[in-house]
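Worth saying up front: this structure is predicted, and the values here are computed from it rather than measured. Hydrogens, waters and symmetry mates are skipped; everything else that's a heavy atom, side chains included, is used.
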Amino acid sequence: MCHMSHDTPHYLHGLNDAQKQAATHIVGPLLIVAGAGAGKTRTLAHRILHLIETGTPAVQILAITFTNKAAKELQERIGALLAGKNTGGVPFASTFHSLCVYILREHGPQIGLSKYFTILDKGDQLSLLRRITKELGMDPKAIAPEKVSAAISRAKADLKGPDQLGEGSNRSWFTDTAAKIWRQYEEELTKRKSVDFDDIILKTVNLLRDRPDLAHYWQTRWQHLHIDEYQDTNVAQYELARLLSKQHGNICVVGDADQAIFSWRGAQFENILHFERDFPGAKVVLLEENYRSTKTILDAANTIIKKNNARVDKKLFTSRGEGDKITLFQAQSESNEANFVVKKVRELTKSGVKATEIAILYRANWLSRIFEEKLLRDGIPYQLLGTKFYERREVKDLLAYIRHALNPDDTESMRRAIASPSRGIGETTVERLVAGKEDELNRGAKEKVEIFRTIVSKIRAKALEATVSDTIKYAIVTSGLETECLKNNEEERLENLRELASLGSKYDEFGPEEGMSRFLADAALVSDQDDLIAATQGVRLMTVHASKGLEFDYIFVVGLEEGLFPHRRFDDSSDPEEERRLFYVAVTRARKKLFLSHAIARTVFGSTQFNQVSEFVGDIDEDLLDRETSYAQEWNFDGGGSPRGGGYGAPRFPRRNPYDQRTDDSGGSNDITWEVFKKR
DNA sequence: CGAACTGAGATTTTT
DNA sequence: TCTCAGTTCG
């Protein structure tokens, strides 16, 4: 064992032995295998504190996370630990994407990238791909842009180019066609001085690889590299980590293979399993003590994950008490399930639980709908993750003006801006503009284009000299979006635009150009979780994926049905072990109590489906469960509801004794539900 | 050119 | 049932 514990510095008191080992091993590679709730952020923060206390300048420390929220949290923890100390700067904590944007902004011009490159989000990328598909004379129905996008993204994550698409055995008509579209797509991106999400990492890796002269700066600027959620890194991110730590070899990664749930977007959790091989001489520390959940929850989690093969065996333990049993609710329908959840939520909040300590988790976004409906009906505040502020139509419209103003080559943004508000410029005109055939414009079109151009150049002039928030405010008016909103009584949209200005004011301090360019990059890179930073109240609704890294006192995992969770589709090559890890992640979000539920009948696409309970539920020890069922027939089992297509020969909606009707419906009239919804 | 309409297809998971 | 891309018509 370790002999250092007697001379542990005072600032590390409060860490357990394993955490201390992790915090004090500062030279060479270090792998921290941190189970769920084992205090990894805490350990990371203290390790950084230790580095600083032992003489490492703060500015030489880099920490990379996946979400802005994680980065911010880490920064705050470190900030609190360092409070009042003069450290001559702060550690650099950032997401992979922000870090790479930072590097690319610095060296962009040296690798042929404009200073004002535009970052395409998923939607931008899709519409560009769709247009290219059509321009190449292909039918977007035959070769879906979504599929092409996924293939490109996956390949870029693997550091592959179009020529390597479908390399080896998977080559097909699809991969060949996708490669063709991809090549065109790259050309269009270059023309527009734009990059997509994956390019941000990819181009940075290429830069560090191909330009040792430039790489040297970054390799020496940061002497200590930390990577959070290492199991979620893809090939490109792994390569980035390797390149950045090349000179000094001081790389510390934290992760947990059991929580790897992003393989579908190229994450290779093998990265964490192979760390010792990839970084010889690595020290490995296991954090197995859980400080988050009750013993009951942890026992359930352990038996669930034990069934997987691809993992390093570890067993979480806690010194906390047994806690409540896990409630398992069998619902008759999705409406019944939602009523149950809402009823429990109401009971909890009534007993003094803060709504923000309750989260409802589901496998797929569309499941949120019914919960929203019921929460709304009962007037319970909630916050839905997954609808990003920056993806709202009006917000994208406004940003399009600014992006196009600063990057005139960004014709995607131009298309968007020109069409909103509508100003009588149609497709023909736009196509001529993009093609540079201005002489073919007729007189009327020319005038309208001139008006649009004037607007854009005014915004550009403003952006180059005013603060970020002032530019946004100016653009709201000048673009005509304000008038448009007022005309259509779209108060809320206008509110959102004003909100955008106030978000932008955080960047005012950087001055005009720098501030705006940071703002635009951040706007493109916000994650779902980042919405949580701002929200201060309400029950949280989100997918299990989005809940990663978060914790709540009370967790509801809903829709636990075969086919749904674990999710299965026909064409599917998905990994059943990953579904199980996903469930493991869901369960381990809970501190105090866990509720699981499934519905016997569920409406999908307007027809009723009958589902078996998820196999995962069966993996939990019966002793840990508290079963509840409702025989209540809902008032509105969603209209006509004659079960079509299910084909299971299942019975129609179970008919029940009318006296049971209100057992879980708590008297809420469903008429209200409909009314509220129609108004929305 | 753009509003209004129509019909098909859709629901994994996301930085 | 809902959404969105594509089409029609004024």
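- Checking the phosphate oxygens (OP1, OP2) of C/dC4, no side-chain nitrogen or oxygen of A/R393 falls inside 4.0 Å.
- Side-chain N/O atoms of A/S607 include none lying less than 4.0 angstrom from OP1 or OP2 on C/dT1.
- Between A/T603 and C/dT1 there is no side-chain polar atom (N or O) within less than 4.0 angstrom of OP1 or OP2.
- Here the nucleotide nearest the side chain of A/R130, chosen from C/dA5, B/dT13, B/dT15, is C/dA5.
- For B/dT12, the OP1/OP2 oxygens have no side-chain nitrogen or oxygen of A/N365 closer than 4.0 Å.
- In this structure, A/K156 pairs ionically with A/D196, as a charged nitrogen and a carboxylate oxygen lie closer than 4.0 Å.
- Of the candidate nucleotides C/dT3, B/dT14, B/dT12, C/dT3 has the atom lying nearest to any side-chain atom of A/R369.
- Of the listed nucleotides (C/dT3, B/dT13, B/dT15), B/dT13 has the atom at the smallest distance from the side chain of A/T543.
- Aromatic ring pairs are classed by plane angle as parallel below 30°, tilted from 30° to 60° and perpendicular above 60°; the pair A/F616 and A/F583 is parallel.
- Of the listed nucleotides (B/dG2, B/dT15, B/dT12), B/dT15 has the atom at the smallest distance from the side chain of A/T67.
- Within the 4.0 Å cut-off from OP1 or OP2 of C/dG6, at least one side-chain nitrogen or oxygen of A/K134 is found.
- One finds a salt bridge joining A/K487 and A/E484 here, because a Lys/Arg side-chain nitrogen approaches an Asp/Glu carboxylate oxygen to under 4.0 Å.
- One can place CG of A/L582 at 10 Å from P of B/dT14, the figure rounded to the nearest angstrom.
- Donor-acceptor pairing under 3.5 Å, judged by distance alone, is absent between the side chain of A/H545 and the base of B/dT14.
- Checked by atom type and distance alone, the side chain of A/D121 never pairs as donor or acceptor with a backbone atom of A/A524 at under 3.5 Å.
- By the 30° and 60° cut-offs, the orientation of the rings of A/Y401 relative to A/F452 is tilted.
- For the C1' atoms, the distance from B/dT12 to C/dA5 is 22 Å, rounded to whole Å.
- Set against B/dT14, C/dA5, B/dC1, the side chain of A/T428 has B/dC1 as its closest nucleotide.
- Across the protein-nucleic acid pair, A/L361 atom CG and B/dT14 atom P stand 12 Å apart, rounded to whole Å.
- Between the C1' atom of C/dT1 and the CG atom of A/L367 lies a distance of 15 Å, rounded to the nearest Å.
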